[in-house]
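Structure first, commentary second.
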Amino acid sequence: MEIFDSAKTLYLDLPTVAAFIKDEGVETIMEKLIPYMEEDYSKWDEFAKIPRPTHHSPVGVNELMPVGNQEIFTCKYVNGHPSNPKDKCLTVVAIGLLADVAHGYPKMLCEMTLLTAIRTAANSVMAAKYLAKENPKKMALIGNGCQSEFQAIAFHKLLGIEEINLYDIDEKATDKLIKNLSHIKDLKLNKCSSTREACKGVDIITTVTADKKFSIILTEDMIEKGVHINCVGGDCPGKTELDSKILFMGDVYVEFEPQSRIEGEIQHMDEDFKVTEIAEVIKTGKRIDRKEDDITIFDSVGFALEDFSILRLIYDLARENNIGKMELLVPAMEDCKNLYGLLK
Ligand code: NAD
């Protein structure tokens, strides 16, 4: 019996995770996640890191996102297919795995589409906390698809954003966001008719659009003094959101430089273009020394460590709250050299 129990994997399917997050509150999960992320980013040098292996096709990308330290290894499978919604499929779906390093056994297999949206929004807020001007109140949110409500909630609940200017080329996406968040009475949502209009007078601009091409969502003339730009949607070779000239307007921060050079906004820049890994800032535990008018750019592509942090958190929460099912996915046997015995 004991052998069976220790070999079992905690299985968390989408309905189980969704119900748990609904009960806890999405902002509570984000609030709990940020210290996990800060702890993991602070231990940056202890992790074995690689740019994610990718499989590209004309319509999208299939990716694996592995990372580990001496205790835990995690890996996410994720895709990015911007034209999926026209076939009633999501642009991004994901599943995650957490394994122990001691024996290499999978300890948890988990839905990760919701968790990706949560960790991406928490990561954006964590970076903004260190990089953006103090007490930002107004944000532009360009791209109002699946990730957008999570970004809006995170910036409102965890960073104090009170007003968000919304723009999407698909008006229905913006209407959906406004309806989904109508219960948050102290958050003002303004539907705009262009990106330019949305970016007027804001402290933060978040771009979270999906298109498998070099898009220019933001141009230099839309960027006002003192703005922090949180670019989330450009995360693949050939898929970017900013006019490259913007990258010269302020300091650029990335997650894992070798991966960002391939996938981020900085894929257009020369190799000697200076960027700072966000871990370097987080390790100091302090906000950057920024002047009121400085522009900062977080060129986020999504890094495996953010998945590591949320899988670690969900594993802890699932065990604390006794959710999910234990399933036997790998063999458990007295004689560990007798795999064939399973077939007898
Ligand atoms: P989605 O397809 O649900 O939403 C994307 C929205 O962008 C759509 O509503 C679309 O109409 C809109 N859009 C496209 N072009 C636009 C334009 N020029 N101006 C304004 N709006 C435009 O996709 P999603 O799940 O919300 O993901 C958005 C993007 O974020 C994707 O590219 C995805 O790969 C990326 N992403 C990044 C991370 C990260 O960690 N950096 C994590 C998750 C997703």
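As the structure lists them, so they are numbered: ligands from 1, and atoms in each ligand from 1. Model, not experiment: these values are computed from the prediction. All residue numbers refer to positions in the sequence shown, counting from 1.
Between N321 and E24, the side chains place no donor N or O within less than 3.5 Å of an acceptor N or O (distance only, hydrogens not considered). When only modelled atom types and interatomic distance are considered, E263 and Q259 share a side-chain donor-acceptor pair under 3.5 Å. Side-chain atoms of T240 and Q267 form no donor-acceptor pair, as typed in the model, at a separation below 3.5 Å.
Contacts with ligand 1 closer than 4.0 Å are made by side-chain heavy atoms of D235 only, the backbone lying farther away. Residue R119 touches ligand 1 through its side chain alone, judged by heavy-atom distances below 4.0 Å. Looking at T91 against ligand 1, only its side chain comes within 4.0 Å, counting heavy atoms. In A173, the part holding a heavy atom less than 4.0 Å from any atom of ligand 1 is the side chain. Here I217 has side-chain heavy atoms under 4.0 Å from ligand 1, and that is the only part of it that gets that close.
Between atom 22 (C) of ligand 1 and the options V92, D299, I169, the minimum heavy-atom separation is to I169. Distances from atom 12 (C) of ligand 1 to the heavy atoms of D168, N79, D211 show the closest one on D168.
Using a 4.0 Å cut-off between charged side-chain N and carboxylate O, K129 and E38 make a salt bridge. Using a 4.0 Å cut-off between charged nitrogen and carboxylate oxygen, K239 and D235 count as a salt-bridge pair. Remark: R312 engages E39 in a salt bridge, criterion side-chain N to carboxylate O under 4.0 Å. Salt bridge annotation for K283-E280: present, with a cationic side-chain nitrogen under 4.0 angstrom from a carboxylate oxygen. By the 4.0 Å N-to-carboxylate-O rule, K176 lies close enough to E149 to be salt-bridged with it. The residues D251 and K274 are annotated as not salt-bridged, no charged nitrogen and carboxylate oxygen being separated by less than 4.0 angstrom.
Nearest protein heavy-atom contact of atom 3 (O) of ligand 1 is C146 N, 2.9 Å. From the protein, the heavy atom lying nearest to atom 28 (C) of ligand 1 is V208 O, 3.4 Å. From the protein, the heavy atom lying nearest to atom 25 (O) of ligand 1 is Q147 NE2, 2.9 Å. Nearest protein heavy-atom contact of atom 29 (C) of ligand 1 is T209 O, 3.2 Å. Summary of contacts: the protein heavy atom closest to atom 37 (C) of ligand 1 is V232 O, 3.1 Å. Here the heavy atom of the protein found nearest to atom 32 (O) of ligand 1 is K239 NZ, 2.8 Å. Considering only non-hydrogen protein atoms, atom 30 (O) of ligand 1 sits nearest to G233 CA, 3.5 Å. What sits closest to atom 14 (C) of ligand 1 on the protein, heavy atoms only, is A210 O, 3.4 Å.
Counting atoms of ligand 1 from 1 in the listed order, those under 4.0 Å from a heavy atom of V301 are 39 (C), 40 (O), 41 (N). The contact set between ligand 1 and T120, taken as ligand atoms under 4.0 Å from a residue heavy atom, comprises 38 (C), 39 (C), 40 (O), 42 (C), 43 (C). Listed by number with element, the atoms of ligand 1 under 4.0 angstrom from any heavy atom of D170 are 11 (O).
Taking the six-membered ring where tryptophan is involved, the planes of W44 and F256 are perpendicular, since the angle between them exceeds 60° and thus also 30°.
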task: Walk me through it: do D299 and S260 pass the test side-chain hydrogen bond (donor to acceptor under 3.5 Å, both in side chains)?
output: CA-CA 8 Å; D299 178 9; S260 304; 5.6 Å; no

message: side-chain hydrogen bond (donor to acceptor under 3.5 Å, both in side chains) for N190 and N165? Distances and angles first, verdict last.
response: CA-CA 5 Å; N190 310 315; N165 289 347; 2.8 Å; yes

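Considering all non-hydrogen atoms of both residues, G324 and T16 come closest at N-CG2, 3.9 Å. Shortest non-hydrogen contact noted between L247 and F273 is O-CZ, 3.3 Å.
For ligand 1, none of its N or O atoms has an N or O atom of Y167 under 3.5 Å away. Here's the thing with T116: none of its N/O atoms is less than 3.5 angstrom from an N/O atom of ligand 1. In terms of N/O distances under 3.5 Å, ligand 1 is not approached by E255. Between N144 and ligand 1, no N or O atom pair is found at a separation short of 3.5 Å. In terms of polar-atom proximity, defined here as any N/O pair under 3.5 Å, P82 makes no such contact with ligand 1. In terms of polar-atom proximity, defined here as any N/O pair under 3.5 Å, T195 makes no such contact with ligand 1.
Using a 4.0 Å cutoff on heavy atoms, G80 does not count as a contact of ligand 1.
Within the 6.0 Å centre-distance limit, the rings of F47 and F308 are counted as a close aromatic pair.
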